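Quick caveat: nothing in here was measured; it's all calculated off a predicted structure. Below, all heavy atoms of this structure are taken into account, side chains as well, without hydrogens, waters or symmetry copies. The chains referred to below are lettered A, B, ... by the order of the sequence lines, with proteins before strands, and numbering in each begins at 1.
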There are 2 protein chains.
Amino acid sequence: MSISSRFAVGIHILTLIELNKDGVSSSEYLADSVNTNPAVIRKIMGMLKKAGLIEVHPGVAGAKSARNITDITLLDVYKAVNVVQDKELFSIHGNPNPECPVGRNIQETILPLFSAAQAAMEKVLDSVTIEDVVKGIHDKDSCTN
Amino acid sequence: MSISSRFAVGIHILTLIELNKDGVSSSEYLADSVNTNPAVIRKIMGMLKKAGLIEVHPGVAGAKSARNITDITLLDVYKAVNVVQDKELFSIHGNPNPECPVGRNIQETILPLFSAAQAAMEKVLDSVTIEDVVKGIHDKDSCTN
DNA sequence: TTTACTTGTAACTTATTTAATTACTTGTAA
DNA sequence: TTACAAGTAATTAAATAAGTTACAAGTAAA
């Protein structure tokens with residue numbers, strides 16, 4: 001199991017929009033960097049737009065960031081692209097046997113534990129901004145390899 | 001996306017083995033509580049056995065815990081049932097364009113961030129034992145509903 | 001008001017994964 | 001040797017992911 005790469009692609013898109021802020025970031029341009037189909041990019045752009053992270057307009061080429069990138073965290077992107085539902089990172093088997101003490105109580109016993117684990121993960125995502133990623137790209141790309 | 005319920009079922013199995021420690025926990029018995037097929041249980045039992053969490057023997061009915069349940073954490077179960085690979089909770093799109101600074105560096109920039117988020121989640125799982133779950137079941141089942 | 005270009009979207013395909021099911025073998029103990 | 005359980009492989013069905021194609025709808029400039 002793995003969380004959809006929509007999340008990583010969403011981060012890629014926002015990062016590239018920032019680095020290309022003086023140019024036009026069309027779905028084709030972004031798709032060329034991500035190396036996928038423009039329609040895939042447009043679908044994800046739609047999600048980012050709906051979440052208020054970018055501005056895009058039908059008919060007019062290019063996306064712009066809708067917020068300062070210091071205010072966009074990875075958690076914002078993660079939620080925008082809808083890769084994991086609330087409290088559903090872990091799935092719990094349905095219909096356990098209610099005649100057994102374990103079957104009867106396992107779901108509500110486990111759920112808060114799973115939710116806590118998911119929350120810890122999301123908290124880390126919330127501590128990183130797109131600006132951090134932009135800086136990371138910059139650092140790596142300017143090093144003396 | 002959701003992490004396979006094999007994990008929740010693994011926890012269910014270990015918990016029930018404990019509560020039924022004086023009885024015989026055969027795959028059929030466990031399957032009846034989980035409400036699934038005995039073959040599914042046997043497959044997961046095989047993983048738990050391989051990880052040294054339970055003792056099962058071909059031909060002889062019933063599984064027993066191989067360790068004290070205070071020493072089995074949810075992380076042990078999670079790793080045993082192989083639901084998430086190391087550093088692969090989040091998938092990253094392959095083959096980004098190396099001619100673009102973002103495409104060229106996005107993977108190694110994002111990977112440590114994703115790994116840190118995954119690690120935080122796993123740390124929470126490591127802080128909960130099967131004994132905690134057993135107690136949780138007990139508390140819920142003995143309350144005055 | 002055309003023309004050229006882009007976003008928005010729907011339909012379809014392919015591949016992968018999950019979980020359940022069936023059926024069989026191997027092994028154990030009474 | 002009989003009965004029963006674990007181990008395991010093959011198959012199915014459902015869900016999801018990602019890519020692809022095609023086209024409608026919107027915008028701006030010629």
Side-chain angles (χ1 to χ4, degrees), chain A residues 1-10 12-13 17 23-32 34-51 53-64 66 81-85 88-97, chain B residues 1-10 12-13 17 20 23-51 53-64 66 81-85 88-97:
Chain A
M1 188 292 317
S2 256
I3 290 171
S4 168
S5 66
R6 261 204 313 281
F7 181 29
V9 172
H12 189 140
I13 290 172
I17 286 174
V24 176
S25 298
S26 66
S27 64
E28 196 178 358
Y29 172 81
L30 295 168
D32 186 57
V34 173
N35 194 23
T36 184
N37 196 291
V40 171
I41 298 293
R42 288 199 290 270
K43 195 171 162 187
I44 298 175
M45 283 200 313
M47 294 178 173
L48 297 175
K49 176 186 183 178
K50 192 177 170 188
L53 303 183
I54 63 174
E55 284 178 12
V56 207
H57 302 282
V60 31
K64 296 285 181 186
V81 298
N82 221 30
V83 282
V84 176
Q85 305 310 310
E88 291 184 9
L89 174 59
F90 300 91
S91 56
I92 303 181
H93 50 298
N95 310 314
N97 190 340
Chain B
M1 187 292 317
S2 255
I3 290 171
S4 166
S5 66
R6 260 205 315 280
F7 181 29
V9 172
H12 189 140
I13 289 172
I17 286 174
N20 187 45
V24 176
S25 298
S26 65
S27 64
E28 195 177 358
Y29 171 82
L30 295 168
D32 186 58
S33 171
V34 172
N35 194 24
T36 185
N37 196 292
V40 171
I41 298 294
R42 288 198 290 271
K43 195 172 162 187
I44 297 175
M45 284 199 311
M47 295 178 173
L48 298 175
K49 177 187 183 179
K50 191 177 169 188
L53 303 183
I54 63 174
E55 284 179 12
V56 208
H57 302 282
V60 32
K64 295 285 180 184
V81 298
N82 221 31
V83 282
V84 177
Q85 305 311 309
E88 292 184 10
L89 174 59
F90 300 90
S91 55
I92 303 181
H93 51 298
N95 311 315
N97 190 341

Looking at Ser5(A), I'd like to know whether one of its side-chain N or O atoms comes within less than 4.0 Å of OP1 or OP2 on dA18(D). yes
Value in whole Å for how far the P atom of dT17(C) lies from CD of Glu88(B): 11 Å
Output the distance between atom CG (Leu53(B)) and atom CD1 (Ile17(B)), rounded to the nearest 0.5 Å. 9.5 Å
At 4.0 Å (heavy atoms only), tell me whether Val40(A) reaches a base, stays on the sugar-phosphate, or touches nothing. base
Smallest separation among heavy atoms of Arg6(B) and Ile44(B), with atom names: CG-CD1, 3.8 Å
To the nearest Å, give me how far apart CD (Glu28(B)) and P (dA3(D)) are. 17 Å
Which dot-bracket string describes DNA chain C (Watson-Crick N1-N3 plus N6-O4 or O6-N4, or G-U N1-O2 and O6-N3, all under 3.5 Å; [ ] crossing; | other strand)? ||||||||||||||||||||||||||||||
Please pick, from dG7(D), dT7(C), dA19(C), the nucleotide with the shortest atom-to-atom distance to any side-chain atom of Ser4(B). dA19(C)
Under 4.0 Å between a side-chain N or O of Lys43(A) and OP1 or OP2 of dT7(C)? no
Euclidean distance, Met1(B) CE relative to Ser4(A) OG, rounded to 0.5 Å: 9.0 Å
Given that Pro58(B) and Asn35(A) both sit by DNA chain D, which one's nearest nucleotide is further toward the 5' end? Pro58(B)
For the pair Ser91(B) (side chain) and Ile3(A) (backbone), establish whether a donor and an acceptor sit closer than 3.5 Å, ignoring hydrogens and angles. yes
Quickly work out the Ile41(A) CD1 to dT6(C) P distance and round it to whole Å. 15 Å
Between C1' on dA18(D) and CG on Asn95(B), what's the gap in Å once rounded to a whole number? 13 Å
Using whole Å, what does the distance between atom C1' of nucleotide dT26(C) and atom CZ of Arg42(B) come to? 12 Å
What is the distance, to the nearest angstrom, from the CG atom on Asn37(A) to the C1' atom on dA18(D)? 10 Å
Between Met47(A) (CE) and dA18(D) (P), how many Å, whole number? 10 Å
